[in-house]
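Okay, structure first, notes after.
Sequence lines set the chain letters: A, B, ... in the order given, protein chains first and strands last, and positions in each chain run from 1.
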Number of protein chains: 2
Amino acid sequence: MARKNTTKYAILGMLSFGPRSGYDIKQKIEQSVRHFWSESYGQIYPILRRLVDEGLATKTTEPQETRPDRHVYEITKKGERELEVWLTEPIESRPIVRNELLLKLFFGQNTSPEILMQHIRQFREEIAATLLHLESVKAMCLDPGASDECDDEQAPYSLMTLHCGQHIMNGYVDWCDQTLDQLKELWLDGDQRAAVAEGDEA
Amino acid sequence: MARKNTTKYAILGMLSFGPRSGYDIKQKIEQSVRHFWSESYGQIYPILRRLVDEGLATKTTEPQETRPDRHVYEITKKGERELEVWLTEPIESRPIVRNELLLKLFFGQNTSPEILMQHIRQFREEIAATLLHLESVKAMCLDPGASDECDDEQAPYSLMTLHCGQHIMNGYVDWCDQTLDQLKELWLDGDQRAAVAEGDEA
DNA sequence: TCCAACATGTAAGGAGTTACATGATTTC
DNA sequence: GAAATCATGTAACTCCTTACATGTTGGA
């Protein structure tokens with residue numbers, strides 16, 4: 001079957017920034033890479049255990065009185081090597097894109113332009129929110145000392161991925177606007193023209 | 001759990017264009033929507049059976065002498081209604097983006113700029129190939145009579161999704177070029193400067 | 001002669017999400 | 001007093017791909 005298990009490397013990568021718990025890793029992912037990557041606890045915890053089994057990470061338990069013990073994982077030399085090897089390998093591309101909006105639009109004949117326009121407006125709003133988020137992360141990255149998230153070494157790489165997100169999101173926004181115009185025309189060519197004619201009679 | 005099963009609607013949508021076999025559906029998907037959607041036989045055939053069970057499609061067997069019988073599926077009124085309902089519902093967004101290139105780039109500290117540049121060049125080539133494909137599909141859509149793929153009714157919707165692909169792919173290309181420059185600088189700031197100094201001595 | 005295309009399907013299994021289980025602390 | 005956060009983990013389940021099984025025809 002030979003599937004990827006990219007999650008393993010995503011987690012190793014997060015550990016390469018320093019020791020972290022499963023909870024920390026999840027937070028970090030949500031903060032920094034969520035516009036192009038996500039992981040759930042259901043993936044993270046089992047894989048952390050596996051990393052220890054394979055000697056790619058070590059586990060230290062920090063007892064806490066009131067809360068569950070913190071299980072902190074640290075990448076090993078072997079883990080670092082395995083991460084480096086993965087980084088060197090060509091990308092298993094075919095970026096799994098499944099865009100439900102485009103699918104609905106493609107089948108647009110079976111519904112009305114108005115409905116499609118609503119979907120696109122909703123999509124556009126979500127994109128705009130993502131752009132705001134990207135902008136705020138960027139500000140954090142550029143402001144030295146403002147965060148322990150992004151030191152000088154990491155900043156350039158964080159910024160490159162952020163720029164990619166901004167580029168693509170801006171592209172979506174442009175397309176949305178353009179497509180909304182086109183749908184409006186389709187709509188005018190359709191039932192609206194009839195409605196206008198009816199209106200004239202009244 | 002309440003998952004989506006969008007595949008069901010993707011197949012219903014394909015059947016809305018006319019009766020088709022599982023094989024036909026797969027071909028059609030690869031031709032028309034592959035830049036934002038994909039399905040495998042392992043999904044298509046079981047779902048076609050389910051559509052019949054649920055009264056959303058009917059199955060006709062066309063006997064063929066030398067090949068396996070063609071099982072042709074036709075959407076029912078009930079199927080059309082269910083497709084329309086789905087088209088009306090707001091998009092379950094969160095477009096699952098998992099971009100391995102960006103993940104590797106984010107962890108870039110653990111490897112060299114040269115390796116990252118290679119990955120980006122590879123990615124850029126794939127994007128360029130996709131752009132060519134989109135252009136050819138677009139030509140087919142705009143050339144009346146050239147294909148039974150895209151009639152006048154369908155053309156506007158096909159074109160909108162194609163434009164989205166072109167927009168996004170062009171955005172990727174721009175970003176790739178920009179990022180390649182940035183990585184080159186990082187690279188010069190790093191080991192290359194040392195190499196130049198060594199070269200001076202020789 | 002071998003490969004691609006035609007054609008349908010099933011089985012196995014990896015990938016990934018969500019819900020559940022548990023429970024204290026802090027903040028509004 | 002309720003909700004969010006801290007914190008770890010498992011079980012169940014869906015989704016989806018890949019490999020397998022089977023066999024013909026036509027072209028390079």
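- Per the geometry, CD1 belonging to I47(B) stands 13 Å off C1' belonging to dT17(D), to the nearest Å.
- With distances taken from any side-chain atom of H71(A) to the nucleotides dG9(C), dT17(D), dG9(D), the minimum falls on dG9(D).
- One can place CZ of R20(A) at 17 Å from C1' of dC6(D), the figure rounded to the nearest angstrom.
- Rounded to whole angstrom, the span from the NZ atom of K26(B) across to the P atom of dG9(C) amounts to 15 Å.
- Residue K8(A) places none of its side-chain N or O atoms closer than 4.0 Å to OP1 or OP2 of dG14(C).
- For the pair K104(A)/E89(B), a side-chain contact is recorded, criterion being any heavy-atom separation below 4.5 Å from C-beta on.
- Between W37(B) atom CH2 and dC15(D) atom C1' the separation is 11 Å, expressed in whole Å.
- Computed from coordinates, the E30(B) CD to dC6(C) P distance equals 12 Å when rounded to whole Å.
- For the OP1/OP2 pair of dG9(C) and a distance below 4.0 Å, the side-chain nitrogens and oxygens of K59(B) include at least one atom meeting the criterion.
- Checking dT10(D), dT8(D), dG9(C) against every side-chain atom of P46(A), the shortest atom distance belongs to dT10(D).
- Between the S38(B) side chain and the R34(B) main chain, no donor and acceptor come within less than 3.5 Å of each other.
- D69(B) places its CG atom 14 Å from the C1' atom of dT22(D), with the value rounded to the nearest Å.
- Between dG9(D), dG9(C), dT17(D), one nucleotide has an atom nearer to the side chain of Y73(B) than all others, and that is dG9(C).
- Of the candidates dT17(C), dT10(D), dC16(D), dC16(D) carries the atom nearest the R98(A) side chain, counting heavy atoms from C-beta on.
- For the OP1/OP2 pair of dA7(D) and a distance below 4.0 Å, the side-chain nitrogens and oxygens of S21(A) include no atom meeting the criterion.
- Nearest nucleotide to the T7(A) side chain, out of dG16(C), dG9(D), dC16(D): dG16(C).
- The six-membered or imidazole ring of F123(A) lies near that of Y172(A), with a centre-to-centre distance under 6.0 Å.
- Ion pair K8(B)/E82(B) flagged as a salt bridge, since at least one NZ, NE, NH1 or NH2 atom sits closer than 4.0 Å to an Asp/Glu carboxylate oxygen.
- The side chain of S38(B) sits closest to dT17(D) out of dT8(C), dT17(D), dT17(C).
- Rounded to whole angstrom, the span from the CG atom of L48(B) across to the P atom of dA7(C) amounts to 15 Å.
- Using cut-offs of 30° and 60° on the angle between ring planes, the pair Y41(A) and Y23(A) is parallel.
- The nearest whole Å value for the distance from the CD1 atom in I44(A) to the P atom in dT8(D) is 10 Å.
- The side chain of Y23(A) approaches dC6(D) more closely than any other nucleotide in the set dT17(D), dC6(D), dC15(D).
- Along DNA chain C, the nucleotide nearest to R49(B) and the one nearest to Q27(B) differ in position, and the one closer to the 5' end is contacted by Q27(B).
- Of the candidates dA15(C), dG9(C), dT8(D), the closest approach to any side-chain atom of Q43(A) belongs to dA15(C).
- OP1 or OP2 of dT8(D) has at least one side-chain nitrogen or oxygen of Y45(A) nearer than 4.0 Å.
- Under the 4.0 Å criterion applied to side-chain N and carboxylate O atoms, E39(B) and R98(A) are assigned as salt-bridge partners.
- Nucleic acid contact class of R70(B) (heavy atoms, under 4.0 Å, all strands): sugar-phosphate only.
- Residue-level contact check: T6(A) touches neither bases nor backbone, having no heavy atom under 4.0 Å from any strand.
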